[in-house]
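Worth saying up front: this structure is predicted, and the values here are computed from it rather than measured. Heads up: numbering here begins at 1 and tracks the sequence.
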Amino acid sequence: MTKVFLNTLYVGTDGAYCRLENDQVFVEVPEAASPSAESGPSLESEEGAGGGLLRRKVALKVPLHHLGAIVLFGRVAASFPLLGRCATDGRALVLMNPNGRFVARVQGKTSGNVLLRKAQYDFHNDEGLCFDFVLRVVAAKLQNARQVLLRAAREGKEPSRAAFESAAGQTASLLAQLAHVQTIDEARGIEGMAAQVYFGVFDAMITSQRVDFRFDGRSRRPPRDRANCLLSFLYSLWTNDCTSALEGVGLDPQFGILHVLRPGRPGLGLDLVEEFRAIVLDRLALSLINRKQLTAEDFKVRPGGSVMLTDDGRKKLLVAYQKRKQVEVRHAMFKERVPIGLLPHVQARIMARCFRGDIPHYIPYEPQ
(Lines give C-alpha, C1' and ligand atoms only; values in the text may rest on other atoms or scores of the structure.)
Protein backbone atom coordinates (compact mmCIF):
# COMPACT_ATOMS: atom_id res chain seq x y z
CA MET A 1 0.00 0.00 0.00
CA THR A 2 1.42 3.34 -1.03
CA LYS A 3 1.45 5.75 1.87
CA VAL A 4 0.68 9.37 1.09
CA PHE A 5 0.27 11.52 4.18
CA LEU A 6 -0.65 15.07 3.31
CA ASN A 7 -0.52 17.89 5.80
CA THR A 8 -3.30 20.05 7.13
CA LEU A 9 -2.81 23.79 7.55
CA TYR A 10 -4.62 25.19 10.58
CA VAL A 11 -5.02 28.97 10.86
CA GLY A 12 -6.49 30.39 14.04
CA THR A 13 -5.03 33.89 14.39
CA ASP A 14 -7.84 36.42 14.77
CA GLY A 15 -7.93 38.66 11.69
CA ALA A 16 -5.65 36.45 9.58
CA TYR A 17 -6.03 36.36 5.80
CA CYS A 18 -5.08 33.46 3.48
CA ARG A 19 -4.44 33.98 -0.21
CA LEU A 20 -3.00 32.11 -3.18
CA GLU A 21 -0.04 33.39 -5.16
CA ASN A 22 2.05 31.36 -7.62
CA ASP A 23 0.61 28.11 -6.24
CA GLN A 24 1.66 29.02 -2.73
CA VAL A 25 -0.62 29.75 0.20
CA PHE A 26 0.30 32.99 1.97
CA VAL A 27 -0.97 33.42 5.53
CA GLU A 28 -1.01 37.06 6.59
CA VAL A 29 -1.67 38.10 10.17
CA PRO A 30 -2.22 41.55 11.74
CA GLU A 31 1.14 43.10 12.53
CA ALA A 32 0.39 43.23 16.24
CA ALA A 33 -0.62 39.55 16.34
CA SER A 34 1.47 36.46 16.30
CA PRO A 35 0.42 33.27 14.48
CA SER A 36 -1.52 30.91 16.70
CA ALA A 37 -1.48 27.72 14.69
CA GLU A 38 0.97 28.15 11.89
CA SER A 39 4.54 26.98 12.03
CA GLY A 40 7.63 28.38 10.37
CA PRO A 41 9.41 31.73 10.49
CA SER A 42 7.98 35.12 9.66
CA LEU A 43 9.20 35.71 6.14
CA GLU A 44 8.41 39.30 5.21
CA SER A 45 6.14 42.22 5.95
CA GLU A 46 3.73 43.96 3.65
CA GLU A 47 0.64 46.11 3.75
CA GLY A 48 -2.60 44.27 4.38
CA ALA A 49 -4.79 43.06 1.55
CA GLY A 50 -7.52 45.46 0.52
CA GLY A 51 -5.49 48.57 1.21
CA GLY A 52 -7.39 49.35 4.44
CA LEU A 53 -6.01 50.69 7.67
CA LEU A 54 -5.24 47.20 8.93
CA ARG A 55 -1.68 46.24 8.13
CA ARG A 56 -0.70 42.59 7.90
CA LYS A 57 2.55 40.72 7.58
CA VAL A 58 3.23 37.38 5.97
CA ALA A 59 3.54 34.84 8.76
CA LEU A 60 3.79 31.75 6.59
CA LYS A 61 3.87 30.63 2.99
CA VAL A 62 3.62 27.01 1.94
CA PRO A 63 3.28 25.30 -1.47
CA LEU A 64 -0.34 24.39 -2.09
CA HIS A 65 0.54 20.89 -3.31
CA HIS A 66 1.99 20.12 0.14
CA LEU A 67 -1.43 20.57 1.73
CA GLY A 68 -4.20 18.01 1.95
CA ALA A 69 -6.59 20.35 3.73
CA ILE A 70 -6.89 23.88 5.11
CA VAL A 71 -8.86 24.54 8.30
CA LEU A 72 -9.72 28.11 9.34
CA PHE A 73 -10.89 28.90 12.89
CA GLY A 74 -13.00 31.89 13.87
CA ARG A 75 -12.42 35.27 12.23
CA VAL A 76 -10.04 34.15 9.48
CA ALA A 77 -10.65 35.06 5.83
CA ALA A 78 -9.53 33.50 2.55
CA SER A 79 -9.32 34.91 -0.95
CA PHE A 80 -11.70 33.80 -3.71
CA PRO A 81 -8.81 32.41 -5.82
CA LEU A 82 -7.77 30.18 -2.92
CA LEU A 83 -11.37 29.06 -2.29
CA GLY A 84 -11.87 28.32 -5.98
CA ARG A 85 -8.62 26.42 -6.35
CA CYS A 86 -9.37 24.22 -3.34
CA ALA A 87 -12.85 23.47 -4.71
CA THR A 88 -11.43 22.63 -8.14
CA ASP A 89 -8.73 20.36 -6.76
CA GLY A 90 -11.07 18.64 -4.31
CA ARG A 91 -8.87 19.85 -1.45
CA ALA A 92 -10.81 20.36 1.78
CA LEU A 93 -11.11 23.96 2.98
CA VAL A 94 -13.13 23.97 6.17
CA LEU A 95 -14.44 26.81 8.31
CA MET A 96 -14.73 26.15 12.06
CA ASN A 97 -15.85 28.46 14.85
CA PRO A 98 -13.33 29.34 17.61
CA ASN A 99 -14.56 26.34 19.66
CA GLY A 100 -13.68 23.96 16.84
CA ARG A 101 -17.27 23.40 15.77
CA PHE A 102 -17.82 22.78 12.08
CA VAL A 103 -19.37 25.75 10.22
CA ALA A 104 -18.92 25.16 6.48
CA ARG A 105 -16.84 23.40 3.84
CA VAL A 106 -15.92 24.64 0.40
CA GLN A 107 -17.56 22.23 -2.00
CA GLY A 108 -16.90 22.21 -5.75
CA LYS A 109 -19.02 20.63 -8.45
CA THR A 110 -20.21 17.07 -7.86
CA SER A 111 -17.75 14.61 -9.28
CA GLY A 112 -16.30 11.22 -8.48
CA ASN A 113 -17.62 7.74 -9.08
CA VAL A 114 -21.38 7.90 -9.59
CA LEU A 115 -21.54 4.09 -9.66
CA LEU A 116 -19.97 3.94 -6.20
CA ARG A 117 -22.49 6.43 -4.83
CA LYS A 118 -25.34 4.42 -6.37
CA ALA A 119 -23.92 1.30 -4.71
CA GLN A 120 -23.85 3.22 -1.41
CA TYR A 121 -27.49 4.26 -1.78
CA ASP A 122 -28.51 0.70 -2.75
CA PHE A 123 -26.68 -0.58 0.35
CA HIS A 124 -28.54 1.95 2.47
CA ASN A 125 -31.87 0.67 1.13
CA ASP A 126 -31.07 -2.92 2.18
CA GLU A 127 -32.19 -3.30 5.81
CA GLY A 128 -30.22 -6.50 6.35
CA LEU A 129 -26.94 -5.03 5.09
CA CYS A 130 -27.44 -1.89 7.19
CA PHE A 131 -28.16 -3.97 10.29
CA ASP A 132 -24.93 -5.94 9.81
CA PHE A 133 -22.98 -2.69 9.25
CA VAL A 134 -24.36 -1.09 12.42
CA LEU A 135 -23.68 -4.18 14.54
CA ARG A 136 -20.04 -4.22 13.44
CA VAL A 137 -19.51 -0.48 13.99
CA VAL A 138 -21.09 -0.54 17.46
CA ALA A 139 -19.20 -3.70 18.40
CA ALA A 140 -15.89 -2.08 17.38
CA LYS A 141 -16.73 1.06 19.35
CA LEU A 142 -17.51 -0.96 22.48
CA GLN A 143 -14.47 -3.20 22.05
CA ASN A 144 -12.13 -0.21 21.65
CA ALA A 145 -13.69 1.56 24.64
CA ARG A 146 -13.19 -1.63 26.66
CA GLN A 147 -9.50 -1.65 25.68
CA VAL A 148 -9.12 1.87 27.09
CA LEU A 149 -10.88 0.80 30.31
CA LEU A 150 -8.68 -2.29 30.69
CA ARG A 151 -5.57 -0.19 30.17
CA ALA A 152 -6.78 2.27 32.82
CA ALA A 153 -7.35 -0.69 35.16
CA ARG A 154 -3.80 -1.98 34.58
CA GLU A 155 -2.28 1.44 35.26
CA GLY A 156 -4.71 2.59 37.97
CA LYS A 157 -4.73 2.28 41.72
CA GLU A 158 -7.52 1.28 44.07
CA PRO A 159 -10.38 2.22 44.23
CA SER A 160 -10.25 3.49 40.62
CA ARG A 161 -8.87 0.16 39.40
CA ALA A 162 -11.93 -1.69 40.65
CA ALA A 163 -14.20 0.88 38.99
CA PHE A 164 -12.40 0.47 35.65
CA GLU A 165 -12.56 -3.34 35.88
CA SER A 166 -16.27 -3.14 36.66
CA ALA A 167 -16.88 -0.80 33.71
CA ALA A 168 -14.87 -3.05 31.40
CA GLY A 169 -16.95 -6.02 32.59
CA GLN A 170 -20.22 -4.18 31.97
CA THR A 171 -19.00 -3.21 28.49
CA ALA A 172 -18.15 -6.85 27.77
CA SER A 173 -21.65 -7.84 28.90
CA LEU A 174 -23.18 -5.24 26.56
CA LEU A 175 -21.01 -6.61 23.76
CA ALA A 176 -22.49 -10.04 24.40
CA GLN A 177 -26.03 -8.58 24.38
CA LEU A 178 -25.30 -6.97 21.03
CA ALA A 179 -25.25 -10.43 19.46
CA HIS A 180 -28.93 -10.88 20.31
CA VAL A 181 -30.45 -7.55 19.18
CA GLN A 182 -32.96 -7.68 16.34
CA THR A 183 -33.09 -4.08 15.12
CA ILE A 184 -30.79 -1.12 14.49
CA ASP A 185 -32.58 0.87 17.19
CA GLU A 186 -31.80 -1.86 19.73
CA ALA A 187 -28.14 -1.66 18.72
CA ARG A 188 -28.25 2.12 19.20
CA GLY A 189 -29.68 1.49 22.68
CA ILE A 190 -26.77 -0.80 23.56
CA GLU A 191 -24.37 1.86 22.30
CA GLY A 192 -26.03 4.47 24.52
CA MET A 193 -25.80 2.25 27.62
CA ALA A 194 -22.12 1.54 26.92
CA ALA A 195 -21.43 5.28 26.60
CA GLN A 196 -23.02 5.86 30.02
CA VAL A 197 -20.80 3.18 31.55
CA TYR A 198 -17.67 4.53 29.86
CA PHE A 199 -18.18 8.19 30.71
CA GLY A 200 -19.27 7.18 34.20
CA VAL A 201 -15.62 6.40 35.01
CA PHE A 202 -13.96 8.88 32.64
CA ASP A 203 -13.32 11.35 35.47
CA ALA A 204 -11.32 8.70 37.32
CA MET A 205 -8.98 8.40 34.30
CA ILE A 206 -7.94 12.02 34.91
CA THR A 207 -5.05 11.53 37.29
CA SER A 208 -3.63 15.07 37.48
CA GLN A 209 -5.15 18.57 37.51
CA ARG A 210 -8.30 16.91 38.85
CA VAL A 211 -9.79 20.14 40.18
CA ASP A 212 -9.34 22.10 36.96
CA PHE A 213 -10.44 19.24 34.69
CA ARG A 214 -13.23 17.67 36.73
CA PHE A 215 -15.55 15.70 34.43
CA ASP A 216 -19.23 15.36 35.39
CA GLY A 217 -20.49 13.75 32.19
CA ARG A 218 -20.69 14.81 28.58
CA SER A 219 -21.91 18.33 27.92
CA ARG A 220 -22.01 19.79 24.43
CA ARG A 221 -23.13 22.85 22.54
CA PRO A 222 -21.64 24.45 24.50
CA PRO A 223 -19.21 22.41 26.65
CA ARG A 224 -19.51 23.33 30.32
CA ASP A 225 -16.08 22.30 31.56
CA ARG A 226 -12.51 22.07 30.29
CA ALA A 227 -12.50 18.30 29.73
CA ASN A 228 -15.68 18.47 27.64
CA CYS A 229 -14.28 21.42 25.70
CA LEU A 230 -11.19 19.37 24.88
CA LEU A 231 -13.20 16.29 23.84
CA SER A 232 -15.59 18.29 21.67
CA PHE A 233 -12.75 20.07 19.90
CA LEU A 234 -10.96 16.79 19.12
CA TYR A 235 -14.19 15.12 17.96
CA SER A 236 -14.81 18.03 15.57
CA LEU A 237 -11.31 17.82 14.10
CA TRP A 238 -11.54 14.06 13.61
CA THR A 239 -15.05 14.26 12.14
CA ASN A 240 -13.71 16.68 9.56
CA ASP A 241 -10.85 14.29 8.74
CA CYS A 242 -13.26 11.33 8.42
CA THR A 243 -15.67 13.32 6.24
CA SER A 244 -12.83 14.36 3.95
CA ALA A 245 -11.62 10.76 3.73
CA LEU A 246 -15.08 9.55 2.65
CA GLU A 247 -15.31 12.28 0.04
CA GLY A 248 -11.83 11.34 -1.12
CA VAL A 249 -12.91 7.84 -2.12
CA GLY A 250 -16.13 9.11 -3.70
CA LEU A 251 -18.67 8.28 -0.98
CA ASP A 252 -21.47 10.57 0.20
CA PRO A 253 -20.52 11.50 3.79
CA GLN A 254 -24.06 12.70 4.56
CA PHE A 255 -25.65 9.27 4.06
CA GLY A 256 -25.21 7.78 7.50
CA ILE A 257 -26.40 4.35 8.60
CA LEU A 258 -25.83 4.24 12.37
CA HIS A 259 -26.54 7.99 12.44
CA VAL A 260 -29.92 8.73 10.89
CA LEU A 261 -30.22 11.14 7.99
CA ARG A 262 -30.44 14.76 9.06
CA PRO A 263 -29.94 17.86 6.88
CA GLY A 264 -26.45 19.27 7.20
CA ARG A 265 -25.10 16.39 9.29
CA PRO A 266 -22.28 14.18 7.94
CA GLY A 267 -23.97 10.97 9.12
CA LEU A 268 -21.57 8.54 7.48
CA GLY A 269 -18.64 10.67 8.65
CA LEU A 270 -19.93 10.30 12.21
CA ASP A 271 -20.36 6.55 11.65
CA LEU A 272 -16.67 6.38 10.75
CA VAL A 273 -15.67 8.43 13.81
CA GLU A 274 -17.20 5.91 16.25
CA GLU A 275 -14.53 3.22 15.95
CA PHE A 276 -11.79 5.79 16.77
CA ARG A 277 -13.32 7.80 19.62
CA ALA A 278 -11.88 6.02 22.64
CA ILE A 279 -8.57 4.75 21.29
CA VAL A 280 -7.48 7.88 19.41
CA LEU A 281 -9.34 10.95 20.65
CA ASP A 282 -10.14 10.18 24.30
CA ARG A 283 -6.65 8.84 24.92
CA LEU A 284 -5.11 11.97 23.39
CA ALA A 285 -7.32 14.18 25.58
CA LEU A 286 -6.36 12.24 28.71
CA SER A 287 -2.68 12.39 27.77
CA LEU A 288 -2.78 16.17 27.31
CA ILE A 289 -4.41 16.59 30.74
CA ASN A 290 -2.46 14.02 32.70
CA ARG A 291 0.91 15.13 31.29
CA LYS A 292 -0.05 18.78 31.90
CA GLN A 293 0.52 19.69 28.26
CA LEU A 294 -2.68 21.70 28.62
CA THR A 295 -3.51 23.56 31.83
CA ALA A 296 -6.40 25.65 33.11
CA GLU A 297 -4.73 28.76 31.67
CA ASP A 298 -5.28 27.36 28.15
CA PHE A 299 -9.07 27.70 28.56
CA LYS A 300 -11.40 30.57 29.29
CA VAL A 301 -14.91 30.58 30.71
CA ARG A 302 -17.36 32.77 28.85
CA PRO A 303 -20.44 34.50 30.34
CA GLY A 304 -23.11 31.84 30.73
CA GLY A 305 -20.65 29.13 31.72
CA SER A 306 -19.46 27.82 28.36
CA VAL A 307 -15.76 26.96 28.09
CA MET A 308 -13.49 27.52 25.10
CA LEU A 309 -9.79 27.23 24.31
CA THR A 310 -7.58 30.30 24.25
CA ASP A 311 -5.50 31.01 21.15
CA ASP A 312 -2.42 29.52 22.83
CA GLY A 313 -4.39 26.52 24.07
CA ARG A 314 -5.76 25.86 20.59
CA LYS A 315 -2.25 26.05 19.15
CA LYS A 316 -0.93 23.53 21.69
CA LEU A 317 -3.82 21.20 20.96
CA LEU A 318 -3.39 21.38 17.18
CA VAL A 319 0.34 20.69 17.44
CA ALA A 320 -0.32 17.64 19.66
CA TYR A 321 -3.11 16.48 17.33
CA GLN A 322 -0.86 16.63 14.28
CA LYS A 323 1.91 14.76 16.10
CA ARG A 324 -0.56 12.10 17.20
CA LYS A 325 -1.68 11.61 13.59
CA GLN A 326 1.91 10.88 12.58
CA VAL A 327 2.23 7.96 15.03
CA GLU A 328 2.20 4.65 13.17
CA VAL A 329 0.05 1.69 14.29
CA ARG A 330 -0.32 -1.78 12.86
CA HIS A 331 -3.42 -2.37 10.74
CA ALA A 332 -4.70 -5.94 11.15
CA MET A 333 -6.24 -6.21 7.67
CA PHE A 334 -3.22 -4.96 5.70
CA LYS A 335 -0.59 -6.42 8.05
CA GLU A 336 1.52 -3.28 8.00
CA ARG A 337 2.01 -0.08 9.94
CA VAL A 338 -0.09 2.95 9.03
CA PRO A 339 0.04 6.54 10.40
CA ILE A 340 -2.99 7.23 12.59
CA GLY A 341 -3.84 10.20 10.39
CA LEU A 342 -4.20 7.86 7.41
CA LEU A 343 -6.56 5.41 9.16
CA PRO A 344 -9.77 7.27 8.14
CA HIS A 345 -8.68 7.04 4.50
CA VAL A 346 -7.92 3.32 4.82
CA GLN A 347 -11.25 2.63 6.52
CA ALA A 348 -13.10 4.74 3.93
CA ARG A 349 -11.70 2.50 1.19
CA ILE A 350 -12.76 -0.61 3.10
CA MET A 351 -16.21 0.93 3.47
CA ALA A 352 -16.37 1.60 -0.28
CA ARG A 353 -15.43 -2.03 -1.00
CA CYS A 354 -18.20 -3.17 1.35
CA PHE A 355 -20.82 -0.96 -0.34
CA ARG A 356 -19.76 -2.26 -3.77
CA GLY A 357 -20.05 -5.84 -2.56
CA ASP A 358 -16.34 -6.60 -3.02
CA ILE A 359 -16.17 -7.85 0.58
CA PRO A 360 -19.07 -9.41 2.52
CA HIS A 361 -18.81 -7.19 5.62
CA TYR A 362 -17.40 -3.85 6.72
CA ILE A 363 -14.36 -4.41 8.94
CA PRO A 364 -13.93 -1.53 11.47
CA TYR A 365 -10.50 -0.68 12.83
CA GLU A 366 -9.42 -2.32 16.06
CA PRO A 367 -5.85 -1.94 17.38
CA GLN A 368 -3.73 -5.04 17.60
Side-chain angles (χ1 to χ4, degrees), residues 134-181 186-210 212-220 223 225-235 238-239 242 258 270-294 320-321 324 327 329-332 340 343 347 363-368:
V134 167
L135 282 185
R136 292 174 182 278
V137 170
V138 173
K141 178 180 180 179
L142 268 60
Q143 183 60 41
N144 291 342
R146 182 170 174 268
Q147 292 301 319
V148 173
L149 292 170
L150 290 173
R151 176 171 177 166
R154 288 195 300 271
E155 298 175 351
K157 300 178 181 177
E158 295 296 351
S160 296
R161 179 184 298 166
F164 296 143
E165 290 174 346
S166 174
Q170 293 177 61
T171 304
S173 174
L174 290 169
L175 263 170
Q177 294 180 38
L178 195 62
H180 303 290
V181 301
E186 290 179 11
R188 291 186 181 118
I190 295 286
E191 180 205 9
M193 288 188 281
Q196 287 185 343
V197 171
Y198 176 78
F199 284 115
V201 296
F202 191 83
D203 182 65
M205 287 190 259
I206 298 174
T207 56
S208 66
Q209 307 186 88
R210 288 189 52 78
D212 293 331
F213 287 88
R214 181 174 175 77
F215 181 84
D216 289 324
R218 282 290 285 143
S219 62
R220 296 172 287 182
D225 56 55
R226 297 180 181 89
N228 271 294
C229 174
L230 188 51
L231 290 175
S232 294
F233 201 97
L234 288 170
Y235 290 167
W238 193 256
T239 299
C242 288
L258 173 61
L270 293 171
D271 288 356
L272 183 53
V273 168
E274 297 298 348
E275 57 202 84
F276 298 107
R277 280 189 194 274
I279 54 173
V280 174
L281 307 173
D282 296 352
R283 285 186 56 185
L284 175 58
L286 289 168
S287 176
L288 290 171
I289 297 170
N290 292 336
R291 295 180 181 179
K292 300 183 180 179
Q293 292 173 273
L294 286 176
Y321 179 72
R324 177 67 172 158
V327 174
V329 294
R330 184 170 175 79
H331 195 286
I340 287 176
L343 287 175
Q347 293 303 121
I363 306 172
Y365 173 74
E366 294 182 27
Q368 285 190 311

Would you name the heavy atoms of [X] and [Y] that are closest together and state the gap between them?
| X | Y | result |
| --- | --- | --- |
| Tyr198 | Ala278 | OH-CB, 3.8 Å |
| Pro367 | Asn144 | CD-OD1, 3.3 Å |
| Gln170 | Val197 | OE1-CG2, 3.6 Å |
| Leu294 | Gln209 | O-NE2, 3.0 Å |
| Pro364 | Ala140 | CB-CB, 3.4 Å |
| Ile206 | Phe213 | CD1-O, 3.2 Å |

Looking at side-chain heavy atoms only, is the closest gap between [X] and [Y] below 4.5 Å?
| X | Y | result |
| --- | --- | --- |
| Gln177 | Leu174 | yes |
| Glu191 | Leu258 | yes |
| Glu275 | Arg136 | no |
| Asp282 | Met205 | no |
| Phe215 | Asn228 | yes |
| Glu274 | Val138 | no |

How long is the span from the [atom1] atom in [X] to the [atom2] atom in [Y], to the nearest 0.5 Å?
| X | Y | atom1 | atom2 | result |
| --- | --- | --- | --- | --- |
| Ile289 | Gln293 | CD1 | CD | 11.0 Å |
| Arg161 | Arg154 | CZ | CZ | 11.5 Å |
| Thr171 | Lys141 | OG1 | NZ | 11.0 Å |
| Tyr321 | Ile340 | OH | CD1 | 10.5 Å |
| Leu149 | Arg146 | CG | CZ | 9.0 Å |
| His331 | Ile363 | NE2 | CD1 | 8.5 Å |

Could you tell me whether a side-chain N or O of [X] sits under 3.5 Å from a main-chain N or O of [Y], the two making a donor and an acceptor?
| X | Y | answer |
| --- | --- | --- |
| Ser173 | Gly169 | no |
| Arg226 | Asp212 | yes |
| Ser208 | Arg291 | no |
| Ser166 | Ala162 | no |

Among Val327, Leu234, Leu231, which one satisfies side-chain contact (heavy atoms from CB on, under 4.5 Å) with Leu284?
Leu234
Taking only residues two or more places apart in sequence, or in another chain, which ones meet Phe276 in a ring-ring contact (aromatic ring centres under 6.0 Å, His included)?
Trp238, Tyr365
Test side-chain contact (heavy atoms from CB on, under 4.5 Å) on Ile190 and Met193 and set out the steps.
CA-CA 5 Å; Ile190 295 286; Met193 288 188 281; 3.7 Å; yes
Among residues two or more places apart or on two chains, list those pairs meeting salt bridge (Lys or Arg N to Asp or Glu O under 4.0 Å) that have a residue in residues 199-210.
Asp203-Arg210
